[in-house]
Every structure is written in structure tokens, then in C-alpha cells.
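Every value quoted in this text rests on a predicted model; they were computed, and no experiment measured them.
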Amino acid sequence: MSCTANAVQDDRAAACALHAMTGRLLATPMKTPIRSFQIAAVGLDLLHHTRLKLASSLLLAERMDVALQAWSGQPVDLLVIGLDHPASATALADARTLGVPTLSIARRFPASARGELPHGATVRDINDQLSTLLLAAPEAANAVQGTPLLMQLARHGAPSAGMHLLQRGAMILLVDPATRSIALPAATALAEVAAQLDDATWSLTAIDAETFQHQYAYRLPQRHSFEALFFCIARHRPELMPAPSAQASLQLRQWPDLSADDVPDNGLLAIARLHARPWRASALASACRMPQHTVQLLFSAALASGLASIQDAPVPPSQPRRDAGDSRFFSWVARRFGLSLFQGAAS
């Protein structure tokens, strides 16, 4: 009776913790991107399956969003198996063949060990194991080699036909090359997408416009341009951006569509100058008093999104000047973003 009472008390405490944590998450601004994971379960009785659901929900406190599903034999991030069930042996063999990590629950386990829990494991026990196993593998183990799938579909020059539905765990998005935009759920930020770009477990499904309107439009109401996507990647995942030529002279065809969160310090001044005339990265970095690496990331984002106009002949750096045309343009940019671009600038 005491063990049963302790288990019930643990379940109640976990439910209360989940309720309190949900309130804190709703009241707290999203700073760290949420990582998405896909967990499958097979052979669990009702008690352990309920505790697995609670334990998975509690991972939100660690910025981990878990989608729980029945085991279908497809690759997932983790498989939770009740080894006392007759179907467990086949599922365990299939998981090992696919290289899927497992968490086994069985009466024969006398105590908890890595990847193993005894029958009657509490919500806290399961939560600890989920957190450990999902974060155990190095990030590079699931990292795609080469250019991530979303960047391939969105980059300048990619085929513009059809729509592409991408999904990884609980995260889903649509790539629409015809409008050069991506559609996201209302609560998903671009930075969260950027955090998971290079994961190799993204699935790709081609769909048509009618299917999107009937089945996905209400789930993916938020639209972002490819420009905004690439400037966001340059800001939050710079290692994924290809390095531009150091000698390239570049000018922006138009003002980029981007969020203020994705603009580095002094970035607006650099973007405004790039919009006004061609620059090399070294000259622009010097003129804007920015690190050259930061300027090169702006170049990379402009090239990937198709905003860049490249000049074959290098443009020599000119003496800083403030003619009437440039001053009016830069002042307009400053007013638009509530900044004073020329304050403290060298003349």
C-alpha cells in the first residue's frame, strides 16, 4: 500500500508541477529556441503510458517539445518499450536495426539504469531518463551533411514549382517557392526553426495548393519571406551560411524583409549603405565600424536570398561623405527604426 500511495502522490505532484510550469512558460518571453523531439511507445500498460505522457510534458521546462506517438517502425528520437509485452522483442530488434535509442521498462529490472527502468517507475524516473537519453547523443550525430534541406529549397535559383511540407517531431512548416515564403504555426519563431535546420530527421512531403488550403492553412497561419529566413540564419546559425568571396563587391537590389531581432549591432547602417551603392566587405566593415565577419554574414544572407547584385570589378573604398542624397536616405532609415545612424559617426 505504501508503494502505491507514494506512486499516486508522485503522479499528483507531477501533474501540479506541469500545471505550474505551463503557467510560467506562458508568462515568460521565449528566449532559448525550443527543441523538438519525436518519441514512440510500444508495449506499455495504461499506468506507464499515462506517466510517460506526463514525463514528456514536463520536458517543456527544459525547452524540449516532445511529440508522443505509437511505434510504427519508422525512425524516431527515442522508443519507450514495455518489455513485458509480447510484441516488445520484435520492436526492440527493429529499433536496434534502425539505430533508434530505447528506454525499456520491465519487471525484471531490479533498479534504474541508463536506458532501463523497473516496473512501476515514477513520472520523475521517466522524466529523468527521457532528458538524459534525448540529449545524450552529440548534436553532430543527427546533423545533416552539406546544406540543410530547408536552405536547399529556399535558396536563390532553386526550383519554384510546388509546395513542400517539412516536419521534424512536433515542428512543421511549409516551403512555398512560388511566393518565396515559408508558413509556420502561430507560436513558432524563425529562430526556433534555425536552431533545428541541420537535423537529418526532417521529412519532406510534396503537396499542392488545394491540399494546403484544406488541411494546413489554419495550422500554419504565419508567413515569413525567404529573405527573413536567411537573415535569421545568418544571425542565429552563422556556421550554416556559405562564406562569400572576400573580394566580391555587392549591392542590395532592395531593402530586405527582416526582423529587428535578426539585425546585428550597427547592422541597419551597413544594410542602408549596401542599398545605396556597391561595397566590399572589408570597406563596409571599416566604414560602419563593424567586425568584417559580421558584414560577411550580411553578404551571405543577401546572396542566398537573391537580393545581392554582384559587380565583377571591385569598387574602391571612397572617402566618407554625406551628400544630400545619402543623408536623406539614411535619415529615412533612421526614422523608420527609431535610430540615429549618424550620431558619433566619423566624417
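- Of the inter-residue distances, the one linking Leu46 atom CG with Arg51 atom CZ reads 10.5 Å to the nearest 0.5 angstrom.
- Counting only heavy atoms from C-beta outward, the side chains of Met171 and Val193 approach each other to under 4.5 Å.
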Residues 203-211, side-chain donor-acceptor partners within the protein, below 3.5 Å, at least two apart:
unit_1: Ser203; atom_1: OG; unit_2: Gln167; atom_2: O; d: 3.2
unit_1: Asp208; atom_1: OD1; unit_2: Glu210; atom_2: N; d: 3.4
unit_1: Asp208; atom_1: OD1; unit_2: Thr211; atom_2: N; d: 2.7
unit_1: Asp208; atom_1: OD1; unit_2: Thr211; atom_2: OG1; d: 2.6

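- Although no hydrogens or angles enter the test, the distance criterion places a donor-acceptor pair under 3.5 Å between the side chain of His48 and the main chain of Gly120.
- Between the side chain of Arg155 and the backbone N or O of Ala304 there is no donor-acceptor pair closer than 3.5 Å.
- Leu220 and Leu229 are not part of a single hydrophobic cluster, where members link through side-chain heavy atoms under 4.5 Å apart.
- By the 4.5 Å heavy-atom criterion applied to side chains, Leu173 and Leu165 are not counted as neighbours.
- The main-chain N or O of Asp77 is never found under 3.5 Å from a side-chain atom of Gln38 such that the two would form a donor-acceptor pair.
- Here Trp202 contributes atom CH2 and Ser36 contributes atom OG; the two are 7.5 Å apart, rounded to the nearest 0.5 Å.
- The minimum heavy-atom distance linking Leu298 with Ala270 is given by the pair CD1-CB, 3.9 Å.
- In this structure, Leu307 and Pro256 approach most closely via the heavy-atom pair CD1-CB, 3.5 Å.
- A continuous path of hydrophobic side-chain contacts links Ile105 to Leu134 [ILVMFWY only; heavy atoms under 4.5 Å].
- Proximity of Met241 to Ile233: side-chain heavy atoms (C-beta onward) are separated by under 4.5 Å at one or more points.
- Within the 3.5 Å criterion, the main-chain N or O of Gln296 finds a donor-acceptor partner in the side chain of Ser300.
- Contact record, Leu59 with Asn127: CD2-ND2, 3.6 Å, taken as the closest heavy-atom pair.
- Here the straight-line distance linking atom CH2 of Trp71 with atom OG1 of Thr102 works out to 10.0 Å at 0.5 Å rounding.
- Tracing side-chain contacts under 4.5 Å through hydrophobic residues (I, L, V, M, F, W, Y), one never reaches Leu79 starting from Leu135; they form parts of separate clusters.
- For the 3.5 Å distance criterion, the side chains of Gln222 and Thr188 fail to qualify, holding no donor opposite an acceptor.
- With contacts defined as side-chain heavy-atom distances shorter than 4.5 Å, the pair Leu240/Pro148 qualifies.
- There is a path of hydrophobic side-chain contacts, each under 4.5 Å, that joins Val175 to Met151.
- In this structure a side-chain-to-backbone donor-acceptor pair under 3.5 Å is missing from Thr90 to Ala87.
- Rounding to the nearest 0.5 Å places CD of Gln292 at 11.0 Å from CG of Leu297.
- Between the Trp279 side chain and the Arg273 main chain, a donor and an acceptor come within less than 3.5 Å of each other.
- Under the 4.5 Å side-chain criterion, counting only non-hydrogen atoms from C-beta, Asp257 is in contact with Ser225.
- Gly306 and Arg253 make their closest contact through O-NE, 3.4 Å (heavy atoms, listed as atom of the first residue, atom of the second, distance).
- Looking at residues two or more places apart in sequence or on another chain, you find no side chain to side chain donor-acceptor pair (under 3.5 Å) involving Ser104.
- In this structure a side-chain-to-backbone donor-acceptor pair under 3.5 Å is missing from Ser88 to Asp84.
- Trp255 places no side-chain N or O within 3.5 Å of a backbone atom of Ala272 that could act as its donor or acceptor partner.
- Rounded to the nearest 0.5 angstrom, Leu252 CG and Leu274 CG are separated by 5.0 Å.
- Among all heavy-atom pairs drawn from Ile81 and Ala91, the shortest one is CD1-C, 4.4 Å.
- In this structure, the side chain of Gln251 engages the main chain of Ala276 through a donor-acceptor pair within 3.5 Å.
- In the hydrophobic clustering of ILVMFWY residues, with side-chain heavy atoms under 4.5 Å counting as a link, Leu250 and Met290 come out together.
- For the pair Leu130 and Ser56, the minimum side-chain heavy-atom distance is below 4.5 Å.
- Note on residues 211-226: pairs passing salt bridge (charged side-chain N to carboxylate O under 4.0 Å, His left out), not counting sequence neighbours, are Asp176-Arg223.
- The NE2 atom of His224 lies 5.0 Å from the CG atom of Leu184; values are rounded to the nearest 0.5 Å.
- Between Glu116 and Arg114 no salt bridge is recorded (no basic side-chain N to carboxylate O distance below 4.0 Å).
- Within the 4.5 Å cutoff, no side-chain heavy atoms of Gln69 are placed close to those of Ile39.
- A heavy-atom distance below 4.5 Å is found between the side chains of Ile182 and Phe226.
- What you find for Leu197 and Arg237 is that their closest heavy atoms are N-NH1, 4.2 Å.
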